[in-house]
Amino acid sequence: MANELTVAVLGPGGVGGLLAALLSRTGHRVICLSGEKTAETLRTDGIRVDSARFGDFTARVEADTALREPVDACLVTVKHTALDAALARVPAPVLSDGLLVPFLNGVEHPAALRARYRADRVAPAVIRVESTRVAPGVIEHGSPFAEIDLTGTDVPRARLDALAGAFAEAGPATRVLEDETAALWAKMSFLAPFALLTTRYGLPLGEVRTRHREELTALVEETAAISHACGGPADPARALARYDAFPPATKSSMQRDAEADRPLELDAIGGALLRAAERHGIPAPVTARVVSEVRPFA
């Protein structure tokens, strides 16, 4: 990769739109991939970001409905519920040697993507951020942080370092992690209890961690045991401390999707957690019950 990268962004929503704008602002060529209506808006107006952390600015981007040329990296920032349809916009022969960088919740997607694209070019990433698309090309970044963990078991380290450097220069604190499994399960261990309980009760995190503390603790402990069995981290006390440190009004993206009557990533989060528990013989009765109670919202 050269210092100036060409980066495609599949799904320029809250996360994808923010990263596209930040990368463009620092001089990288960015091609957003979306439906024609959104693509036309982005071609005409660019992406406007409102952020206390990165400032308020508008970035120019290119936009198309499909990838038509090789790129250094393609960031996959759609939700699991739209993934299969969205990937049709990124033909494997066109992506070729480019990195495929999924910013997806859950732990099962890397294997599916490696079956479709070059296995040694799939570089899963984790992002910690609260960023919302309020209209096509308009992004509100509400959190005082944006942190990226980039990994990829078989991806050449130089490729990961080059992309990580571009992210870091653009603004988000970025690190390259050697252990892909640990990186994905660290996110899953935090996300699953948070997403499931805020959605189940329709309450922000502050009320969940007080009114449903016992249930939250049980979910955290079950998730930690599953993570440990899968080769990931297991630190229930740390997870609870992180929940306690978050602003009380914080909502999960799954909860916001439920409120907006959008499809939920329940299978990618709760379903994947239960499948992992079954594979390793880990009891997860609270997780199973909560997933079943959230299912009607999906």
| said: salt bridge (Lys or Arg N to Asp or Glu O under 4.0 Å), that's the test. Do Arg289 and Glu222 meet it? Break it down for me. | reply: CA-CA 12 Å; Arg289 175 178 56 78; Glu222 288 183 2; over 6 Å; no
| request: Please report the C-alpha distance between Cys32 and Ile47 in whole Å, then the side-chain angles of each, then the deciding distance to 0.1 Å, and finally whether the side chain to side chain contact (heavy atoms under 4.5 Å, CB included) criterion is met. | output: CA-CA 10 Å; Cys32 292; Ile47 299 176; 4.0 Å; yes
| task | Could you walk me through whether Glu130 and Lys251 pass salt bridge (Lys or Arg N to Asp or Glu O under 4.0 Å), step by step? | result | CA-CA 9 Å; Glu130 183 180 355; Lys251 294 183 177 183; over 6 Å; no
| request: Evaluate side chain to side chain contact (heavy atoms under 4.5 Å, CB included) for Leu273 paired with Met188, printing each intermediate quantity in order. | output: CA-CA 8 Å; Leu273 195 59; Met188 182 74 142; 4.2 Å; yes
| query | What's the verdict on side chain to side chain contact (heavy atoms under 4.5 Å, CB included) for Leu203 and Thr198, showing C-alpha distance, side-chain angles and the deciding distance? | reply | CA-CA 5 Å; Leu203 295 172; Thr198 55; over 6 Å; no
| Passes side chain to side chain contact (heavy atoms under 4.5 Å, CB included), Arg275 versus Glu108? Steps please. | CA-CA 10 Å; Arg275 286 188 288 273; Glu108 296 177 336; 2.8 Å; yes
| Going through the distances and angles, do Arg133 and Glu140 end up as a salt bridge (Lys or Arg N to Asp or Glu O under 4.0 Å)? | CA-CA 6 Å; Arg133 188 191 87 151; Glu140 289 185 357; over 6 Å; no
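Enclosure of atom CD in Glu214 is not indicated, since only 12 or fewer non-hydrogen atoms of other residues, nucleotides or ligands lie within 6.0 angstrom. For Arg48, the CZ atom sits in a loose shell: 12 or fewer heavy atoms of surrounding residues, nucleotides or ligands are nearer than 6.0 Å. The 12-atom threshold is exceeded at CZ of Arg118, counting heavy atoms of other residues, nucleotides or ligands nearer than 6.0 Å. Within a 6.0 Å sphere centred on CD of Glu278, other residues, nucleotides and ligands contribute 12 heavy atoms or fewer. When the shell of 6.0 Å around CG of Asp261 is examined, it contains 12 or fewer heavy atoms from other residues, nucleotides or ligands.
Two residues are said to be in side-chain contact when any heavy atoms from C-beta on lie closer than 4.5 Å; Leu99 and Val155 meet this criterion. The shortest distance between side-chain heavy atoms of Leu33 and Val9 does not fall below 4.5 Å. With a 4.5 Å cut-off on side-chain heavy atoms, Glu62 and Val30 do not count as touching. Using a 4.5 Å heavy-atom threshold, the side chains of Lys79 and Ser253 count as touching. You'll find the side chain of Leu75 reaches within 4.5 Å of the side chain of Leu23, heavy atoms only. Between Glu69 and Ile31 there is a side-chain heavy-atom pair separated by less than 4.5 Å. Counting heavy atoms from C-beta outward, Asn105 and Lys187 have side chains that approach closer than 4.5 Å. Side-chain contact between Leu19 and Phe103 is present, with at least one heavy-atom pair separated by less than 4.5 Å.
No side-chain donor from either of Thr223 and Ser189 sits under 3.5 Å from a side-chain acceptor of the other. Looking only at atom types and distance, the side chain of Glu180 has a donor-acceptor partner in the side chain of Thr153 under 3.5 Å away. With 3.5 Å as the limit, one finds a donor-acceptor pair spanning the side chains of Glu40 and Thr44.
At distances below 3.5 Å, not a single donor-acceptor pair connects side-chain atoms of His280 with backbone N or O atoms of Ile226. Between the Thr77 side chain and the Val15 main chain, no donor and acceptor come within less than 3.5 Å of each other. Side chain of Arg43 to backbone of Ala63: a donor-acceptor contact under 3.5 angstrom is found. In this structure, the side chain of His141 engages the main chain of Ser143 through a donor-acceptor pair within 3.5 Å. For the pair Thr199 (side chain) and Ala195 (backbone), a donor-acceptor distance under 3.5 Å is present. No side-chain donor-acceptor contact under 3.5 Å links Tyr117 to the backbone of Ser96. In this structure, the side chain of Ser24 does not engage the main chain of Val61 through any donor-acceptor pair within 3.5 Å. Remark: the backbone N or O of Pro172 is paired with a side-chain donor or acceptor of Thr174 at under 3.5 angstrom. The closest donor-acceptor contact from the side chain of His28 to the backbone of Thr6 lies at 3.5 Å or more, if one exists at all. A donor-acceptor contact shorter than 3.5 Å is absent between the side chain of Glu147 and the backbone of Arg128.
Taking CG from Leu150 and CG from Leu177, the interatomic distance works out to 8.5 Å, rounded to the nearest 0.5 Å. Here the straight-line distance linking atom CG of Leu83 with atom CG of Leu10 works out to 8.0 Å at 0.5 Å rounding. The distance from atom CG of Asp72 to atom CZ of Arg29, rounded to the nearest 0.5 Å, is 10.0 Å. Residue Leu113 holds its CG atom at 15.5 Å from CZ of Arg121, rounded to the nearest 0.5 Å. Here the CZ atom belonging to Phe57 is positioned 9.5 Å from the CG atom belonging to Asp50, to the nearest 0.5 angstrom.
Using the six-membered ring where Trp is involved, Tyr201 and His212 have ring planes that are parallel, under 30° apart on the 30 and 60° scheme.
Geometric assessment of Arg53 against the ring of Phe145 yields a negative cation-pi assignment under the 6.0 Å and 45° thresholds.
The shortest heavy-atom contact between Leu160 and Gly152 is CD1-O, 4.1 Å. A pairwise comparison of heavy atoms in Val122 and Pro110 identifies CG1-O, 4.5 Å as the closest pair. The minimum heavy-atom distance linking Ala125 with Val101 is given by the pair CB-CG1, 3.8 Å. When every heavy atom of Ala88 is checked against every heavy atom of Arg116, the shortest pair comes out as N-NH2, 3.9 Å. The nearest pair of heavy atoms linking Ala225 to Ile282 is CB-CG2, 3.9 Å. The shortest non-hydrogen separation linking Trp185 to Gly232 is CB-CA, 3.9 Å.
Between Glu207 and Arg213 no salt bridge is recorded (no basic side-chain N to carboxylate O distance below 4.0 Å). No salt bridge links Glu215 with Arg200; every basic N to acidic carboxylate O contact stays at or beyond 4.0 Å. A salt bridge links Asp97 with Arg159; the closest basic N to acidic carboxylate O contact falls under 4.0 Å.
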